Amino acid sequence: MFRPVGQTELDLIRASGFREFPPRLPAQPFFYPVANEDYAVQIARDWNTKDAVSGYVGYVLRFSVQTEFLSRYEIHTVGDSHHREYWIPASELYLFNEAIAGHIEVLLEFRAGSPSLA
């Protein structure tokens with residue numbers, strides 16, 4: 001699985017030892033991990049790098065989640081056919097974190113529109 005994030009979220013993930021995603025903010029009722037790298041790249045490169053809240057930087061994270069856990073959730077296609085994501089209720093994020101197998105890995109970094117490998 002993949003997750004596009006900005007600088008603040010990456011800092012919180014790093015503080016966890018790359019083991020978990022931080023709690024959602026009150027205005028964020030869902031956590032949205034995405035199912036493919038292309039979609040995560042699109043968000044990190046095209047949206048996060050233009051967003052002050054993201055620190056004008058986008059990271060693509062890669063991680064594995066236990067299949068048994070994910071089978072509880074429906075995958076949603078939003079927009080194009082490759083825009084596939086899960087909608088994990090914020091109240092269940094701690095369960096999602098417990099189902100992460102291994103560590104969260106920084107795969108790519110985007111700043112000012114230019115990609116680099118992390």
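All values derive from a computational prediction rather than experimental measurement.
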How long is the straight-line distance from [atom2] of [Y] back to [atom1] of [X], given to the nearest 0.5 Å?
| X | Y | atom1 | atom2 | answer |
| --- | --- | --- | --- | --- |
| Asp51 | Gln7 | CG | CD | 12.5 Å |
| Glu105 | Ser64 | CD | OG | 9.0 Å |
| Glu37 | Leu108 | CD | CG | 6.0 Å |

Assert yes or no for the condition that the ring centre distance of [X] to [Y] is strictly below 6.0 Å.
| X | Y | answer |
| --- | --- | --- |
| Phe63 | Phe21 | yes |
| Tyr39 | Phe2 | no |
| Tyr86 | Tyr32 | no |

Residues Glu85, Met1; criterion side-chain contact (heavy atoms from CB on, under 4.5 Å); working and verdict: CA-CA 9 Å; Glu85 60 192 26; Met1 299 198 69; over 6 Å; no
Test of understanding: clusters of I, L, V, M, F, W, Y form through side-chain heavy atoms closer than 4.5 Å, transitively. Do [X] and [Y] belong to the same one?
| X | Y | value |
| --- | --- | --- |
| Tyr56 | Trp47 | no |
| Leu12 | Leu10 | no |
| Phe18 | Phe31 | yes |
| Val65 | Val106 | yes |

Nearest heavy-atom pair of [X] and [Y]: which atoms, and what distance?
| X | Y | value |
| --- | --- | --- |
| Tyr73 | Pro89 | CE2-CD, 3.8 Å |
| His83 | Gln42 | NE2-OE1, 2.7 Å |
| Thr49 | Phe110 | CG2-O, 3.4 Å |
| Gln28 | Ala90 | O-CB, 3.6 Å |
| Thr8 | Val53 | OG1-O, 4.2 Å |
| Pro4 | Ala44 | CB-N, 3.9 Å |

Listed partners of Arg14 passing salt bridge (charged side-chain N to carboxylate O under 4.0 Å, His left out), at least two apart: Asp11
Salt bridge (charged side-chain N to carboxylate O under 4.0 Å, His left out) partners of Asp46, counting only residues at least two apart: none
Stepwise side-chain contact (heavy atoms from CB on, under 4.5 Å) test for Glu20 and Ile13: CA-CA 6 Å; Glu20 64 183 35; Ile13 294 163; over 6 Å; no
Between [X] and [Y] (side chain of the first, backbone of the second, donor and acceptor by atom type, cut-off under 3.5 Å), is there such a pair?
| X | Y | answer |
| --- | --- | --- |
| Asn36 | His82 | yes |
| Arg19 | Asn97 | no |
| Ser54 | Gly58 | no |

Verdict with reasoning, Leu107 to Val41, per side-chain contact (heavy atoms from CB on, under 4.5 Å): CA-CA 10 Å; Leu107 187 61; Val41 165; over 6 Å; no
Short side-chain donor-acceptor distance under 3.5 Å, Glu9 and Tyr59: no
Side chain to side chain contact (heavy atoms under 4.5 Å, CB included) partner of Arg84, chosen from Val34, Ile75, Val78: Ile75
Lys/Arg N to Asp/Glu carboxylate O, Arg72 vs Glu92, below 4.0 Å: no
Heavy atoms from other residues, nucleotides or ligands near CZ of Phe30 exceed 12 (cutoff 6.0 Å): yes
